[in-house]
Number of protein chains: 2
Amino acid sequence: MPSRSIEDYIKTVYELQGKNQRVFTKDIARSMGVKMPSVSGMVKHLAAEGYLSHKPYKGVLLTKRGQRIAVDLLRRHRLIELFLNKTLDIPWDEIHEDAEVLEHVISNKLIERIFNFLGRPKFDPHGHTIPGKDGNMPLSRGIPLDQVNEGETGCVVEVSDHDPEFLRYLTGLKLKIGSEVLVKEHAPFGGPIMLKLERQSLAIGLDAARRIRVDIKKKVGKRSN
Amino acid sequence: MPSRSIEDYIKTVYELQGKNQRVFTKDIARSMGVKMPSVSGMVKHLAAEGYLSHKPYKGVLLTKRGQRIAVDLLRRHRLIELFLNKTLDIPWDEIHEDAEVLEHVISNKLIERIFNFLGRPKFDPHGHTIPGKDGNMPLSRGIPLDQVNEGETGCVVEVSDHDPEFLRYLTGLKLKIGSEVLVKEHAPFGGPIMLKLERQSLAIGLDAARRIRVDIKKKVGKRSN
DNA sequence: TCTTAAAGTTTGTCGAACCTAACTATTGAA
DNA sequence: TTCAATAGTTAGGTTCGACAAACTTTAAGA
Ligand SMILES: [Mn+2]
Ligand SMILES: [Mn+2]
Ligand SMILES: [Mn+2]
Ligand SMILES: [Mn+2]
């Protein structure tokens, strides 16, 4: 029932609010590529419809109702991405854009068919958890690579999917979901992180490292705090 | 570039105009479920954009430009139907509705991937010819079942896909694309057509018969004119 | 020829979703 | 405490695609 535009506002707020941070007009506008008055207007409407609560000049927060919409959309988005990747063999850097459109128009029946066809999967091609039909919000797994201590080894579990360039960069490095990376050194002053990946050494910028999440392999022995 | 609404008007005109019959406001309105003034307004716009020519009070006719849009859309529609049917195993009576939406939003890149994935197919699940990328308009194959003479045998090559009920009816009869049917008798006064299909006798109404197209098997011997 | 029903068009309105310009609130330096 | 810079809102306007009401054309029958 909500329009495509409404769905996209809700999804944007969901992504921006993280674990219940208030979200501001300016950030919604920037993230969606619209001007602030458009956001003000739509926010008023979304609040009236009960999708979010709005304290003027103090930002918005999704209601349960709004979160439900967002999580459903995320489920669709991620199932579509996985379907395009697995079935049509479309590389992981090209699926997001198509999914961004299809998430709004694919019928529920079709989504559930896709879900079953894919074997009731848990994760999309970028490692993101696929929410269940129940509307429970999925947690991000792992921790950002830039927060891993020197000497620790992690298994890549999630990467950011909004920037195709970034995904192609990872592909070039042969870094994928499941790769094991050993953090050798944090260069100081916002410098790069030195990694060992499949016997290869490489340096990764902080911006990139923040978009990669890993599960730490508990190493027996030395563990800095 | 044309909006979804514009694409649907053009497609509707294409379907109504057959082999260059002028198409009238009232028929477009009925077929699209909008009121006549909406059609008048849109037709003026479509004429201005060069998609069709309009003689006020005398109907419209697609230009080459308009036909091109229509045929492209048909290609998408039919490839999507076949994809849903083949890949996700969705029955032929449930695919049209989803395709009706998806035809407007699936990217060209995705369509061509689907085309190749399906092995560059020629026909959709209802037997309709899938147009090529070149924009040539596909012909209907065969002749309507109600025009087959008594005693002749035909192979079902196309069935109408707009009405799911009708398709379920055919499924119930075990009549599918490729079925062989022998016309035994035309009952008079608009009565049913008596068929033999796989050793079974059955009677089919005229309305249904008109929506089924068959290729006649040239029978050696008796051939009424 | 005249009349009228049906088809077609024009005009004015509406809701969505966007915009620009102008105004207001918040906040953190000076 | 004052005051800009920044953020947010309001007011007013545009475009798109639909609508109802009112008007016009066409074509058929009396
Ligand atoms: Mn994505
Ligand atoms: Mn979206
Ligand atoms: Mn169809
Ligand atoms: Mn359509």
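Quick note on labels: first sequence line is chain A, next is B, and so on, each numbered from 1. Keep in mind the model is a prediction, meaning the values are calculated, not measured.
Side-chain N/O atoms of K58(B) include one lying less than 4.0 angstrom from OP1 or OP2 on dA27(D). Between H54(A) and dT9(D) there is a side-chain N or O to OP1 or OP2 distance below 4.0 Å. Within the structure, a side-chain polar atom (N or O) of K44(B) is placed less than 4.0 Å from OP1 or OP2 of dT10(C). OP1 or OP2 of dA17(C) lies within a sub-4.0 Å distance of a side-chain N or O belonging to S3(A).
Between L46(A) atom CG and dG8(D) atom P there is a gap of 16 Å when expressed in whole angstrom units. The interatomic distance linking H104(A) (NE2) with dA17(C) (P) rounds to 12 Å, in whole Å. A straight line from CE of M1(B) to P of dT15(D) spans 15 Å, rounded to a whole angstrom.
For residues 31-43 of chain A, proximity to DNA chain C is found at V34(A), K35(A), P37(A), S38(A), M42(A), defined as any non-hydrogen atom under 4.0 angstrom from a strand atom. Heavy-atom distances under 4.0 Å link DNA chain D to F24(A), T25(A), K26(A) of residues 4-28 of chain A, given in residue order.
The nearest pair of heavy atoms linking N136(A) to D134(A) is N-OD1, 3.0 Å. Considering every non-hydrogen atom in both D89(A) and R113(B), the closest pair reads O-NH1, 3.6 Å. Here the closest heavy-atom approach between residue Y14(B) and residue M137(B) is recorded as OH-CB, 3.2 Å.
A salt bridge does not link R76(B) with D72(B): every distance from a Lys NZ or Arg NE/NH1/NH2 to an Asp or Glu carboxylate oxygen is 4.0 Å or more. The residues E103(A) and R78(A) are annotated as not salt-bridged, no charged nitrogen and carboxylate oxygen being separated by less than 4.0 angstrom. A salt bridge links K11(A) to E100(A): at least one charged side-chain nitrogen sits closer than 4.0 Å to a carboxylate oxygen. The pair R168(B)-E165(B) meets the salt-bridge criterion, with a side-chain N (NZ, NE, NH1 or NH2) lying under 4.0 Å from an Asp/Glu carboxylate O.
Counting only distance, with no hydrogens or angles, the side chain of R75(A) and the backbone of I130(A) share no donor-acceptor pair below 3.5 Å. Checking side-chain atoms of H77(B) against main-chain N and O of L102(B) turns up no donor-acceptor pair under 3.5 Å.
A parallel orientation is assigned to the rings of W92(B) and H126(B), their planes being inclined by less than 30° (bins at 30° and 60°).
Only one option out of D207(B), I212(B), L206(B) pairs with D146(B) in a side-chain contact (heavy atoms from CB on, under 4.5 Å); it is L206(B).
Defining each end axis of the helix from dT1(C)-dA30(D) to dA30(C)-dT1(D) as the rotation carrying four pairs' C1' atoms onto the next four, with five pairs an end, the two axes are found to diverge by 30° to 10 degrees.
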